[in-house]
Structures are given as C-alpha cells and as structure tokens.
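Reviewing the structure listed below.
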Amino acid sequence: MTYAEERERNIARNRQLFVDLDIDRLRPKYEPKENTRKKVAAKKRRSPSPESDGCDEPPKKILRIPDDGNALGGARRSSRLAGRTVDYKREQDRGVPEPITVNRSRKLKVGEVKSKRTYDPHMYGHIPDVEVGTWWATRQDCSNASIHAPWVSGIAPGPNGAYSIALSGGYDDDIDDGYAFTFTGSGGRDLRGTKTAPKNLRTAPQSSDQSFEDRNNAALKRSVETQKPVRVIRGFKGKGKSKYAPSEGYRYDGLYVVKKAWIEKGLNKEGFLVCKFAFVRLAEQPAIPVNDGGDDSDVADE
DNA sequence: GGGCCCGCAGGG
DNA sequence: CCCTGCGGGCCC
C-alpha cells in the first residue's frame, strides 16, 4: 500500500470514528473568515517590546487557581468546598491571593511577577481575561499568556488530564474539522541522534513506537476519563492540511474534551505505533475562523 | 529551501 | 544535575 493510500485509509477510519461517536451533529453552521487584519497588526516580531496585539493586559496579581476542581470556565468546585458553588474569579476580585510556585525552586510573593504570566497555566479550563480567538505570533507568547506553557511540546500534562495542547499539523493522517479533530501523541522520536552523529534536537521524525507510558500521552488518556476541558491552540504549520489553521502564528480556539484514546499504526514506512486521540469542542464558544488558503494550493502532497 | 543549535518550561 | 519536547532564529 502506498503512503497516499494508507493516509486515505487512516483518514477514512477517523471519519468513521467521528460518526460512531455521534459528534458529527455538533458541526457548527457558521464559519467566519479569518480576519487577516490581525496578523498585519502583529507583524512586528523580533522587537523586544512585550506587546502582542492588545490581548494580554499587563500582569498585576499572580494568583493560583486550584486545579482540583471541575474547571469549566469560571465556576469551580473542590473537594474541600463540595456542595458549595465558588466563583474564584470573584474571589480574586476580593483580593485573597495565594502565592504561586512557578519554578518550584522558590515561592513568589504575592504581586511578584515571574516572566510575564498573570495566571498559573497549571489549571483546567479558560485562563481569565484570555478570549477565545486570541492570537499570538509565537509559542513563547502563548506560554506567557498561560494558555499553553511549553515552548516546544505539544502537550501540557496534568494530574487529571492535559491542561492544553497545540495543533501544528505534524501528522498527515490527522483530520481537523474545527469543532472536532484527531490528534497524535508525543514520543517515539530520536532527539539525540546517534553516537557517531549526535544531535540536540527539539523535534525529529518518528523512530520508535509511542505508548501510553509516555507522560503526555497518559495525561490525554486520563482526559478521556475525567472529561476535563483541554485548552487548544492551532498553529500556522497546520495550514494546507486544515482550513482551520491560522495563516500565521498561534490562535486560542477554546476548550475541547477528549472523547477517545487509542493506539494505531502510524503513517510512517516503518509502521511505528502512535497514540491517537479524538477531540470534540465544547458548545457555546465563538466560531472558529476559517482560512481560505488564498495562496496555497498544495494540498495534494505525497 | 534545509541544517544546525540554542533557550525555555516542566519534570525526575 | 539530568532528560524531553509537532520552536525559532540564524546561516548557508
């Protein structure tokens, strides 16, 4: 079977999975066009000025929001407060800030600012004050906004599921329908090269099996059990494969839940296994803008 | 375009 | 200290 044939087969299987999971009915009716004005406004990178495009306020207080609650947006529960409804955002307004440990090496005092973060990224659900659709030029900016902490890694793992993931179109047989997509796990890459040709890479081609032993993959599998919301950013590298990928930079597309986790043979000639996950977007969020392509026509790559 | 090498976040 | 990880800048 050729690569293209296998790719088509995998994609067809994933589409059938969406039918079986009965998520196709969640497809939104309206799909606004991507606002290209944004990327012009934020074209200036390289400049050391910390502004992105007006989406992040200057940090004031650093607060920790407990990650043990059922975090869906603002209202959360914790076991200590079982039976009560607690709005932590309002609690913050009343100003009862707790210290946050960013580096684990030292505690920050209230009001002290480490990097540019206002909120701890180790929490489930939305980050306060960051709207769905917010755009950043780089992964570093996403990290500073607490939406997706790792600069490189596509998965931010937590004890009760992944906090966030980054969609970058790195796997050819993943499908992206906007409101739902499949996602491939991490691991199985040789980042250090060989003894004779050592390397110090951050990404590399698949060279071994992935598994749920991997911390990142395990977290996403756990997300299936807990159904905790996962923040999703889409990156420009997915364009050409997905019309929902931004033409530039990275965009926060809101909260999804992981419906299913499984292992299958990956789309590589060696047949290494990969971990796959099916994501579905939570309802009542702003529509995802589509990228008309405009310039690229190379969808038929082999 | 590709190759290289780096910083950083996070965890062990 | 060590390691990993669908970045990114630079040079060619």
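Protein chains get the first letters and strands the later ones, always in sequence-line order, with residue 1 at the start of each.
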At under 4.0 Å, does any side-chain N or O of [X] touch on OP1 or OP2 of [N]?
| X | N | answer |
| --- | --- | --- |
| A:His122 | B:dA9 | no |
| A:Arg117 | B:dG10 | yes |
| A:Ser153 | B:dG10 | no |
| A:Arg189 | C:dG5 | no |
| A:Tyr163 | B:dA9 | no |

Between [atom2] of [N] and [atom1] of [X], the distance in whole Å:
| X | N | atom1 | atom2 | answer |
| --- | --- | --- | --- | --- |
| A:Ile233 | C:dG5 | CD1 | P | 17 Å |
| A:Asn144 | C:dG7 | CG | P | 16 Å |
| A:Asp173 | C:dC6 | CG | C1' | 13 Å |
| A:Trp151 | B:dC8 | CH2 | C1' | 5 Å |
| A:Asp141 | B:dA9 | CG | C1' | 15 Å |
| A:Phe236 | C:dG7 | CZ | C1' | 8 Å |
| A:His148 | B:dC8 | NE2 | C1' | 13 Å |
| A:Leu191 | C:dG5 | CG | P | 5 Å |

Practice prompt. Determine whether the side chains of A:Asn217 and A:Ser211 contain a donor N or O and an acceptor N or O closer than 3.5 Å.
Written response: no

Choose from [options] the nucleotide whose nearest atom is closest to any side-chain atom of [X].
| X | options | value |
| --- | --- | --- |
| A:Asp214 | B:dA9, C:dG8, C:dG5 | C:dG5 |
| A:Ala149 | C:dT4, C:dG7, B:dA9 | B:dA9 |
| A:Thr138 | C:dC6, B:dA9, C:dG8 | C:dG8 |
| A:Lys237 | C:dG7, C:dG5, C:dG8 | C:dG7 |
| A:Tyr171 | B:dA9, B:dG12, C:dC6 | C:dC6 |
| A:Arg192 | C:dC3, C:dG8, C:dG5 | C:dC3 |

Worksheet item: Any side-chain heavy-atom pair from A:Pro229 and A:Leu282 closer than 4.5 angstrom?
Response: yes

Item to complete: Report yes if some heavy atom in the side chain of A:Ser247 is under 4.5 Å from a heavy atom in the side chain of A:Phe236; otherwise report no.
Response: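 With C-beta onward as the side chain, the pair stays apart.
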
Worksheet item: Rounded to the nearest 0.5 Å, how far does NZ of A:Lys265 lie from CD of A:Glu6?
Response: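 It is 4.0 Å, given to the nearest 0.5 Å.
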
Taking [X] for its side chain and [Y] for its backbone only, find out whether a donor-acceptor pair lies under 3.5 Å.
| X | Y | value |
| --- | --- | --- |
| A:His122 | A:Ala156 | no |
| A:Gln210 | A:Leu273 | no |
| A:Arg231 | A:Gly125 | yes |

Item to complete: Can you label the angle between the A:Trp136 ring and the A:Tyr252 ring as parallel, tilted or perpendicular, going by 30° and 60°?
Response: tilted

Item to complete: Please work out which of the three classes, parallel, tilted or perpendicular, describes the rings of A:Phe279 and A:Phe183, given edges at 30° and 60°.
Response: perpendicular

Fill in: From CA spacing to verdict: side-chain hydrogen bond (donor to acceptor under 3.5 Å, both in side chains), A:Ser143, A:Arg117
CA-CA 8 Å; A:Ser143 181; A:Arg117 285 192 185 149; 2.7 Å; yes

Base, sugar-phosphate, or nothing: which does [X] touch, judged by heavy atoms less than 4.0 Å apart?
| X | answer |
| --- | --- |
| A:Tyr250 | sugar-phosphate |
| A:Asp190 | nothing |
| A:Gly169 | base |

Discussion item. Could you tell me how far B:dG12 sits from C:dC6 if I compare only their C1' atoms? Round to whole Å.
Written reply: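 Roughly 23 Å separates the two C1' atoms.
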
Practice prompt. Just need the stems in DNA chain C: three or more back-to-back Watson-Crick or G-U pairs, each with both distances under 3.5 angstrom, sorted by first number.
Written response: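 In DNA chain C, stems of three or more pairs: B:1-6 with C:7-12, B:8-12 with C:1-5.
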
Practice prompt. Specify the residue among A:Gln140 and A:Arg215 whose closest nucleotide of DNA chain B lies further upstream toward the 5′ end.
Written response: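 On the 5' side of the pair lies A:Gln140.
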
Nucleotides 1-5 of chain B: which of its N/O atoms have a protein N/O under 3.5 Å away?
| from | atom 1 | to | atom 2 | distance (Å) |
| --- | --- | --- | --- | --- |
| B:dC4 | OP2 | A:Lys199 | NZ | 3.1 |

Item to complete: Tell me, please, which residues at least two apart from A:Arg189 pass salt bridge (Lys or Arg N to Asp or Glu O under 4.0 Å).
Response: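 In terms of salt bridge (Lys or Arg N to Asp or Glu O under 4.0 Å), with neighbours along the sequence ignored, A:Arg189 is linked to no residue.
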
